[in-house]
Amino acid sequence: MAEVRINSVSKLFGEVKAVDNFNAVIRDGEFVSILGPSGCGKTTMLRMIAGFEKPSLGEIYIGEQLVSSAAKSLFVPPEKRNIGMVFQSYAVWPHMTVFDNVAYPLKIKGYSKNDIKSKTDKALELVHLDGYAARIPSQLSGGQQQRVALARALVSEPKLLLLDEPLSNLDAKLRESMRFEIKDLQKKLKITVIYVTHDQGEAMAMSDRIVVMNKGVIQQIGTPTDVYETPANRIIADFIGLVNFLPGEIKDGMATIPGLGLSLAAPEVPAGAATVAIRPENITIGRAGGRLSGTLVHKFYLGDAVDWRVEAGGFILRVIDKGMEHDDYRLGDTVSLDIKKYLVFPGQP
Amino acid sequence: MINRARLMSLDAKWAVIIVAVSVLVVFTVIPMLYLIFRSMLVDGALDLTTYREVYSNLVNWKAFINTFKISLIVTLLSVIISFPLAWLVGRTDLPGKGFFRTVFIASYMIPPYVGAIAWTQLLNPNAGYLNEWLVHTFNLASSPFDIYGMGGLIWCLTLFHSPFAFITISRALEKMDPSLEEASRVSGASPLRTLWNVTLPLMFPSIFAGGVLVFIGVGSAFGIPAIVGMPAQIEVLTTRIVTYVYLGTGKGIKDATALAVSLMLAANFILYASTWLIAGKDYVTIGGKSTRPGLVELGVWKWPLFGLVSLYGLFAVFLPLGSIVVTSLIKSLSRPIALDNLSFATWLAALKNDQYMEPLWNSFVAAAITATLATVIALFIAYLLIKTKVSGRTLPDSLSTLGGATPSIVIALALIITFSGEFGLNLYSTLAILVIGYMVKYLTMAVRTIAASLSQVHPSLEEAALNSGASWLRSLKDIMLPLIAPSIVAGWFLVFMPSFYELTMSIILYGAKTKTIGVLLYELQTYADPQDASVLAVIVLLIVLIGNIILRKVSKGAVGI
Ligand SMILES: Nc1ncnc2c1ncn2[C@@H]1O[C@H](COP(=O)(O)OP(=O)(O)OP(=O)(O)O)[C@@H](O)[C@H]1O
Ligand SMILES: [Mg+2]
């Protein structure tokens, strides 16, 4: 059982509150990403789970074991937490062969020679590095080094795997394929994974749930669909995916955008200033029959889609269209826009 | 337009290469070759009799063995002390570690002979401060320690040469990606096991390099062996060489050359062999974005270790400095240290004494001229090395490195035999020969500093200037100089400071009118005038300290040797 429970954990570095009242339960076998902009405290939170930092406040449980408690001054050092960890810089030891790198946790734990050999070979096979055992790390590519790190983290069969931006040093193609490899491994081994990233694509593709952080504070915990389709606030809407923000006003449960002549139902938002958020792919362009009319001012051809800028009522809206016959449209054309989905948040943009 | 600019720049570059190479060849290569040549020549024929004769003299043979033995012991001690110190200060929650780090790094700037002078004040068998204190505190019958002897020699050499190991090792430790160690911790290894399995092996190349630095430094050292060893009849190669030169006879010089060549060959062999040995093993630079290292908690060991580190700081820095300052202020050496026994009388007398102020001024002038010349030459050498693809661009740099790697005493001896009129150039006992000596030895410091900063300047900046029609020299002046100005200032001070307090070369190269502060201090020490020596030592330390503060300011803490 490797459920991770984080109760009201805060971490202060002097005056800086790197993590502020973090509460989360990560279930056994779950893949959870911690997502947020640079400096928001993701690494700090992960390092507290690993045992490299002590929480200033709060408690952390791994499985049934209390591993950190500020109030009880209890702290289990990283070597006693029985976790696997993969670092952004690979942290593969350059003075050891691939085999020795991967076998290291087993040697430390005092396994027999035969066990070490068979378990290490198995781990190398798992990450598709069989045949590389005798190499030294400087003879490996970045992607292969990261696989060594992965094998080393998994070799002693931990119940919990922590990864801190493990793919950010790899090129785009490799990053993409490694995502699926990691996800595959997790499913195969049924381990709990906590994965830190600032790449929303990564988080969306791999996670069961995403913890979105900003400035040390959790903004939302939810499935990828949740955080994308119903972001809890403007910060998340802005951070995850693309979005048009329009200033509006709420009156009698309706959001109106002055200048645009648009009214949208928003029964749950309190009266007053509001922000209407519309994702570019939720606006469609047509000749007629839409709710708005606008003028096409820019066109960026992306291959699989067209990224338009449309002027409407003094606003420039971004519209991404994947299916339309874009050749029929010319810049300067007056078009009709329809809105498929939108969100309304209280307060000015 | 562009073509002409390119053509001219090529000419200017060639001119610069030729000038730089000839200066280095004339003052580094020729003197050293001539030194070797002279040592192997008897009556116009190649002959190794001089070597046989020199080493059949037991004193010289012992000096050779001593040099090797002492260097080895001091190197081992330095490494054994420096690695744990660097680790404690860089990776643990040792109280006051920032302070200790600054102190240990800064202690490189205590000239070794000043350290030796201080320890003779603390531990001479007659009235050493520390000896007296021990006798009083523990009711001993006699002084427990005598600084003059093998033990004292090794003690002083270790204290004042190990900063170079400490600096090398702690820099490397700071550059090492801490996740390498953290990966070992999550693998289940305790902090100590991690230290043993990961940190130590990864640091080995740097530890080795630091050790080599100490080994060669100690083997070439003259100040400490002369002050602490010679009174106890312990001789090393450098002291033997100086003794032979001071004989002033042709035979004396000849014997000195044989010893110097042995020293030079040994030093260069060790340097190049070690570079070759650890080539490609510099693990430390491997690794990505560094995180802040998690600190190892020392737990119950925290305060005992704090005590040990403090004690080392006390021996390496605070006691010696305190001793020098107190001695410079004391009224009567026969009375105990107390407030009513302190005054500025020695200071005032020393400051008015022309025989003291003149050497101080000489050193200042010689060091300033050296630093200025060296910075200009270094600028061109570094430029060639980093910014051009001209073939032969590495030659001036290699020559300056060779100078820096050659023991000072060898450089001095080579210069003196080459430029005493033998080849029409007589620089004997002029300021010029001091400047040349300092330059050969310390030029590489300026080259390294400026080259490092030049390599940070993106080539496009200069190309833009060239494309707008500026000549090469013009673009150097308008674009490069302002960008690398801080490193030029830093390079200047890195040459100025060691030149200013230089002793080993000066003791051979100085003349009646060009005595330097290092030589004066050495004389005062040997003629047993500890108080005046202390005043001057404090002045030297103050000047070096100010130089270092300026250095840290301009380089924003990046340089400080
Ligand atoms: N050891 C430390 N001492 C002081 N401040 C720290 C320390 N570690 C982190 N911080 C600060 O805490 C905040 C959060 O840092 P953290 O490394 O957790 O961010 P992050 O979300 O991982 O960012 P990134 O995406 O850039 O890796 C930052 O403001 C950082 O400067
Ligand atoms: Mg981070």
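Order of the sequence lines fixes the chain letters, A, B, ..., with proteins taken first and strands second; residue numbering starts at 1 for each chain.
Annotation for A:Lys183: atom NZ counts as buried by contact number, over 12 foreign heavy atoms lying within 6.0 Å. For NZ of A:Lys107, the number of neighbouring non-hydrogen atoms (other residues, nucleotides, ligands) closer than 6.0 Å is greater than 12. Residue A:Lys117 qualifies as open at atom NZ: its count of foreign heavy atoms under 6.0 Å is 12 or below. Few gaps surround CZ on A:Phe75; more than 12 heavy atoms of other groups in view lie less than 6.0 Å from it.
Between B:Arg193 and A:Glu79, the closest side-chain pair of non-hydrogen atoms is not below 4.5 Å. At least one side-chain heavy atom of B:Arg185 sits under 4.5 Å from a side-chain heavy atom of A:Pro77.
Nearest heavy atoms, A:Ser89 versus B:Ser179: OG-OG, 3.0 Å. Scanning all heavy atoms of the two residues, the minimum distance from A:Ile108 to B:Gly188 falls at CG2-O, 3.2 Å. Closest approach of A:Trp93 and B:Leu180 over heavy atoms only: NE1-O, 2.6 Å. Closest approach of B:Leu202 and A:His95 over heavy atoms only: CD2-ND1, 3.3 Å.
With a 4.5 Å cut-off on non-hydrogen atoms, A:Phe87 touches chain B through its side chain but not through its backbone.
Looking only at distances, no side-chain donor or acceptor of A:Lys80 sits under 3.5 Å from a matching main-chain atom of B:Ser190.
Here B:Asn197 is the residue among B:Leu295, B:Thr194, B:Asn197 with the most heavy-atom pairs under 4.5 Å with chain A.
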